[in-house]
Amino acid sequence: MSLIFSVQSNDTYGYLGSALYLHLNVENILNSSDFLLKKDTTLVFKVNKAVSQFYQEYRNRTVIYPNGTIRFNEARATDSGHYIVEMFDESGTMLHQAAHTVIIIESVVEGVLGSSALFHLKNKTHGTEMKWNKGSAVVASLIKGKPRYFSYYENRTEIFANGTLRLHKIQENDLGIYTVNVNDKDGNNAYTEYAELLISNLTELPCVYAATACSVTFFIENMDGRNISDAKWKKGENSVAEFKGPTPCYYGEYGSRAEIFTNGTLRLDRTLKTDTGNYSVEFFDNKIKQKWITQLFIMDPVSQPVLKYSCLPDGEVQFYCSVENGSDPVFQWSLNGNTLDGDSVFHSVRKHVLVVYNDSGSLVCSALNHVSKKQSDLVSFTCAGRRRMNSVIWYVVAVIVGIAVFVFIPAVAMHKRSNTNPQPQTNLMLLTPVPQQEDEMPDHPSPPEDRVCTTATELSTFTY
């Protein structure tokens, strides 16, 4: 048999506590005459003449498939390391050899673009030297309590005494696998941990409103018709729907009335009031984890409003608009074909109550919410109280005007008559008798007999 010998180096990533699949690219392992898998120098399992045997901690959590895939259940941090696959023929000649590197990611850190992220050590045993890497690039180190930062990360990182790494102002190229190597006081590697940074982008969408017993659809917009089969929908912390491979999967009560599409769209049928809540969808777009959130409100549609009115004693007209059904109704009014907005000198709006100062006209009220709108029948109204009030007002005005006429006009006439021949100011002094000689004539003639003279007190009344 010819020699088939190859050396390969493949990295396989797994997550702590999850199943790890290691693809060995070798078929008919279980039927081979001599096959073995080692981790460093530790034997994991061996097949000899079609008899397989597992060793140590792998004994109860390892499954081998005929296509050469090996599954480790409940991956552990100690599963990280270098694995060697060797296959021999019956004569002991090596037919196949391959090397695989397994990395178990112990923590997943999610960061939002532009914000900060913290990488914590799972192992609480701290060494004298700790160094964080991303791939082959050194991010930060802490040696004997002295921190040091490198190149691209120099102004964006901070390392603490317990080994925690903080990364500031997250950028898209920061996503990936980070490694921390911890050495003891002798410079020997105490342990190595792996962490993955996932970058997420949070988008808040407008609220969604839907009527009870209907259908509502949540769209993932601007995806250009792309297949988003990794979309996962949740209501709060509870799963609603997602794809597992090509198969849609539904949870709880949504199994019979939800549908998820390959473009990420989710539709809920026969909506219930209990569907109201916070919804989110997560999916990856160019390695960036997108998370979109929205609020769904399920509302009862409004019924046709009923409009009633009453005439108030002071001549105003008060209207009442009411609905029998409907969530959070808002009312609108239209008087004589004109929409009424807010209060004015002609009307006063108080939600479902309207007061107008017209004594006649026609009015319509509308009730609406986010999912429906209904209008009442047109109501024509006439209230006589307003006209009676007008008559009283005009009567009072007429009386006041009449009194003013009878008082004001004579006073004005007397004032004008007094101003026609005004007396000089010195005439007031002539009213005081002055002794005269019998044969002297007065300096001024006596007033005509038909003129009525007034006293000084009377004159002062009209002196301005």
Side-chain angles (χ1 to χ4, degrees), residues 202-223 225 228-244 247-283 290-309 319-334 339-342 349-354 363-379:
L202 181 64
T203 303
E204 294 187 16
L205 301 177
C207 296
V208 179
Y209 298 88
T212 51
C214 294
S215 295
V216 59
T217 303
F218 300 93
F219 291 101
I220 299 180
E221 300 177 347
N222 303 322
M223 288 293 107
I228 312 177
S229 58
D230 62 339
K232 183 175 183 179
W233 283 92
K234 289 184 177 180
K235 180 192 175 189
E237 296 299 322
N238 300 319
S239 296
V240 175
E242 66 177 315
F243 278 98
K244 288 189 175 181
T247 306
C249 182
Y250 304 98
Y251 298 88
E253 61 175 311
Y254 300 102
S256 60
R257 57 189 189 90
E259 185 173 2
I260 187 172
F261 300 88
T262 55
N263 64 356
T265 297
L266 175 69
R267 189 185 71 217
L268 294 180
D269 297 323
R270 303 186 299 281
T271 51
L272 306 171
K273 279 290 192 69
T274 54
D275 290 333
T276 296
N278 298 321
Y279 286 76
S280 65
V281 58
E282 295 179 355
F283 60 96
Q290 300 286 348
K291 184 175 183 179
W292 292 8
I293 59 176
T294 186
Q295 285 184 294
L296 173 65
F297 295 93
I298 303 298
M299 310 180 75
D300 291 325
V302 296
S303 56
Q304 183 180 17
V306 176
L307 181 60
K308 297 180 180 180
Y309 75 93
F319 292 86
Y320 300 88
C321 188
S322 61
V323 291
E324 184 175 353
N325 299 310
S327 303
D328 303 325
V330 176
F331 297 90
Q332 296 177 346
W333 304 86
S334 177
T339 301
L340 304 181
D341 297 321
V349 179
R350 303 181 193 91
K351 295 184 178 179
H352 68 288
V353 178
L354 173 70
L363 192 125
V364 170
C365 81
S366 300
L368 65 154
N369 58 19
H370 288 283
V371 298
S372 61
K373 181 177 182 179
K374 292 290 182 65
Q375 182 175 290
S376 72
D377 294 330
L378 180 68
V379 172

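These figures come from a predicted structure and were not determined experimentally. Basis for what follows: all heavy atoms, side chains included, without hydrogens, waters or symmetry-related copies.
- Pro329 and Val323 get closest at one heavy-atom pair: CG-CG2, 4.0 Å.
- At least one side-chain heavy atom of Lys374 sits under 4.5 Å from a side-chain heavy atom of Pro305.
- Shown are Phe218, Tyr254, Tyr251; of these, the side-chain contact (heavy atoms from CB on, under 4.5 Å) with Val240 is made only by Tyr254.
- With sequence neighbours excluded, the residues that form a ring-ring contact (aromatic ring centres under 6.0 Å, His included) with Phe297 are Tyr209.
- Interatomic distance, CH2 of Trp333 versus CG of Leu340, reported as 9.0 Å (0.5 Å rounding).
- Proximity of a side-chain donor or acceptor of Thr271 to a complementary backbone N or O of Cys214 within less than 3.5 Å is detected.
- Here the shortest heavy-atom pairing between Tyr250 and Ala241 reads CD2-CB, 3.6 Å.
- The minimum heavy-atom distance between Val216 and Ala210, with the atom names listed, is CB-CB, 3.8 Å.
- Residues meeting the side chain to side chain contact (heavy atoms under 4.5 Å, CB included) test with Asp230, sequence neighbours left out: Ile228, Phe283, Phe284.
- For Ser372 against Pro301, the heavy-atom pair with the smallest separation is OG-CA, 3.3 Å.
- Remark: Trp233 CH2 to Leu266 CG distance equals 5.5 Å, nearest 0.5 Å.
- Leu205 CG to Tyr279 OH: the interatomic distance, rounded to the nearest 0.5 Å, is 14.5 Å.
- Leu268 approaches Leu296 most closely through the heavy-atom pair CD1-CD2, 4.3 Å.
- In this structure, Asp300 pairs ionically with Lys273, as a charged nitrogen and a carboxylate oxygen lie closer than 4.0 Å.
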Kindly determine whether Val281 and Gln290 satisfy side-chain contact (heavy atoms from CB on, under 4.5 Å), including the steps that lead there. CA-CA 8 Å; Val281 58; Gln290 300 286 348; over 6 Å; no
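- Considering CD of Glu259 and OG1 of Thr265, their distance stands at 10.5 Å, rounded to 0.5 Å.
- Contacts of Gln375 classified as side-chain hydrogen bond (donor to acceptor under 3.5 Å, both in side chains), with partners at least two apart in sequence or in another chain: none.
- Side chain of Thr276 to backbone of Ile298: a donor-acceptor contact under 3.5 angstrom is found.
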CA sep, side-chain torsions, deciding dist, call: Asp275, Arg257, side-chain contact (heavy atoms from CB on, under 4.5 Å): CA-CA 11 Å; Asp275 290 333; Arg257 57 189 189 90; 2.7 Å; yes
I'd like to know whether Ser256 forms a side-chain contact (heavy atoms from CB on, under 4.5 Å) with Arg270, so could you lay out the CA-CA distance, the side-chain angles of the two residues, the decisive distance to 0.1 Å, and finally the verdict. CA-CA 10 Å; Ser256 60; Arg270 303 186 299 281; 4.0 Å; yes
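- Taking the side-chain hydrogen bond (donor to acceptor under 3.5 Å, both in side chains) definition, one finds that Asp269 meets it with Ser215, Arg267, sequence neighbours left out.
- In this structure, CD in Gln332 is found 10.0 Å from SG in Cys365, a value given to the nearest 0.5 Å.
- For Ile293, the side chain to side chain contact (heavy atoms under 4.5 Å, CB included) partners at least two apart in sequence or on another chain are Leu202, Glu204, Ser280, Lys291.
- One distance of note links SG of Cys249 with NZ of Lys232; it measures 9.5 Å at 0.5 Å rounding.
- Remark: side-chain polar atoms of Thr294 are paired, donor with acceptor, to backbone N or O of Pro206 under 3.5 angstrom.
- Contact detail for Thr274 and Lys235: the closest heavy-atom pair is O-NZ, 2.6 Å.
- Considering only residues two or more places apart in sequence or on other chains, Phe243 meets the ring-ring contact (aromatic ring centres under 6.0 Å, His included) condition with none of them.
- Without hydrogens or angle criteria, Ser303 side chain to Asn325 main chain gives a donor-acceptor distance under 3.5 Å.
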